[in-house]
Amino acid sequence: MKYYYIMVRKPITFLGKKFKRQKDFEQFVKDVIYGIGPCLDVKNKYPEKYKILIEILKRHPEFDDKTYNMCNIKIIPNILNNKSLKKIIIKKDGTDMDISWRCAITGRGKSRKSEL
């Protein structure tokens, strides 16, 4: 007897909006980030989008650690892929820390294999 497993997509509810697929939510997140574009001061230049970004990043499995003493977010071009943008947490002491918006979409961290 053969068993077949069907993957059931779980819809994502975010800020009261329901996304049928993770891909739809990913597109929403991309629209927010690329709608801002490169910016060194998201908090003051785009306060409404900053709030949305914070809510997106709260889904990141390391959100509390990465955002400890956070005072702002900047979005810069990714030097490894010039077509993409990178989100950087700015700390109160002036240091920076990157945070993956893709991990925030899935809510899962990177595997050990991808870390290598």
Side-chain angles (χ1 to χ4, degrees):
M1 180 180 288
K2 291 184 179 181
Y3 293 98
Y4 295 97
Y5 295 97
I6 299 172
M7 288 191 57
V8 177
R9 291 188 176 118
K10 288 171 49 174
I12 297 171
T13 302
F14 180 76
L15 297 178
K17 186 174 181 182
K18 199 170 212 170
F19 298 90
K20 290 183 180 180
R21 302 176 306 154
Q22 183 173 306
K23 193 82 172 158
D24 299 333
F25 181 56
E26 180 178 340
Q27 186 59 52
F28 169 79
V29 173
K30 279 184 178 180
D31 291 347
V32 170
I33 293 167
Y34 287 85
I36 296 170
C39 179
L40 298 178
D41 183 3
V42 175
K43 185 177 185 177
N44 294 306
K45 290 187 179 181
Y46 300 94
E48 289 305 312
K49 289 187 178 185
Y50 176 81
K51 291 175 189 174
I52 294 170
L53 267 180
I54 295 298
E55 292 303 314
I56 291 167
L57 295 177
K58 282 181 181 178
R59 297 171 50 88
H60 193 288
E62 297 175 47
F63 175 79
D64 292 334
D65 292 335
K66 288 188 174 261
T67 60
Y68 180 75
N69 280 332
M70 177 179 77
C71 65
N72 206 337
I73 295 175
K74 65 182 174 181
I75 300 174
I76 60 172
N78 185 339
I79 59 172
L80 298 177
N81 179 359
N82 62 1
K83 292 181 182 181
S84 68
L85 296 173
K86 189 174 180 179
K87 273 54 59 217
I88 304 291
I89 301 292
I90 302 171
K91 305 280 187 152
K92 290 179 182 175
D93 65 2
T95 59
D96 294 345
M97 177 171 284
D98 68 325
I99 187 164
S100 169
W101 59 273
R102 292 201 182 270
C103 287
I105 289 170
T106 63
R108 294 188 304 259
K110 293 180 180 179
S111 69
R112 288 184 148 194
K113 186 176 179 179
S114 69
E115 288 289 334
L116 295 174

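We count residues from 1, following the sequence as given. Note that the structure is predicted; figures quoted are calculated from it, not measured.
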Quick check: does any side chain N or O of Ser100 sit under 3.5 Å from a backbone N or O of Cys103, one acting as donor and the other as acceptor?
->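 Yes.
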
Is it true that a side-chain atom of Asn72 and a backbone atom of Lys43 form a donor plus acceptor pair closer than 3.5 Å?
-> yes

Are [Y] and [X] connected in a single hydrophobic cluster, I mean Ile/Leu/Val/Met/Phe/Trp/Tyr linked by side-chain heavy atoms less than 4.5 Å apart?
X	Y	value
Tyr46	Val29	yes
Tyr34	Leu57	yes
Ile73	Tyr68	no
Leu85	Ile79	no
Tyr50	Leu40	no

Determine which pairs satisfy salt bridge (charged side-chain N to carboxylate O under 4.0 Å, His left out) with at least one residue from residues 31-42, sequence neighbours left out, and list them in order.
-> none

Could you state the interatomic distance from [atom1] ([X]) to [atom2] ([Y]), rounded to the nearest 0.5 Å?
X	Y	atom1	atom2	value
Met70	Ile90	CE	CD1	10.0 Å
Ile12	Ile105	CD1	CD1	8.0 Å
Thr95	Ile88	OG1	CD1	11.0 Å
Lys18	Asp24	NZ	CG	13.0 Å
Ile89	Asp96	CD1	CG	9.5 Å
Phe25	Thr13	CZ	OG1	10.0 Å

Within a strict 4.5 Å, meaning less than it, do heavy atoms of the [X] and [Y] side chains meet?
X	Y	value
Asn69	Asp93	no
Lys92	Cys71	yes
Ile33	Lys87	yes
Thr67	Lys91	no

Taking it one step at a time, do Leu15 and Glu55 satisfy side-chain contact (heavy atoms from CB on, under 4.5 Å)?
-> CA-CA 8 Å; Leu15 297 178; Glu55 292 303 314; 3.9 Å; yes

Indicate the atoms forming the closest heavy-atom contact of Ile36 with Lys49, along with that distance.
->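 Heavy-atom minimum between the residues: CG1-CD, 3.6 Å.
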
Heavy-atom pair with the smallest gap, counting every atom of Phe63 and Ile54 = CE1-O, 4.2 Å

Using the side-chain contact (heavy atoms from CB on, under 4.5 Å) rule, pick out the option among Asn82, Asn81, Leu80 that qualifies with Ser84.
-> Asn81

Mind checking salt bridge (charged side-chain N to carboxylate O under 4.0 Å, His left out) for Glu26 and listing every partner two or more places apart, or none if nothing turns up?
->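 Salt bridge (charged side-chain N to carboxylate O under 4.0 Å, His left out) check on Glu26 returns Lys30, Arg102.
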
Could you tell me which residues satisfy side-chain hydrogen bond (donor to acceptor under 3.5 Å, both in side chains) with Asp64, sequence neighbours excluded, listed by chain and number?
-> none

What do the steps show when you test Phe19 against Phe14 for ring pair (Phe, Tyr, Trp, His ring centres under 6.0 Å), and what is the final call?
-> CA-CA 8 Å; Phe19 298 90; Phe14 180 76; 7.1 Å; no

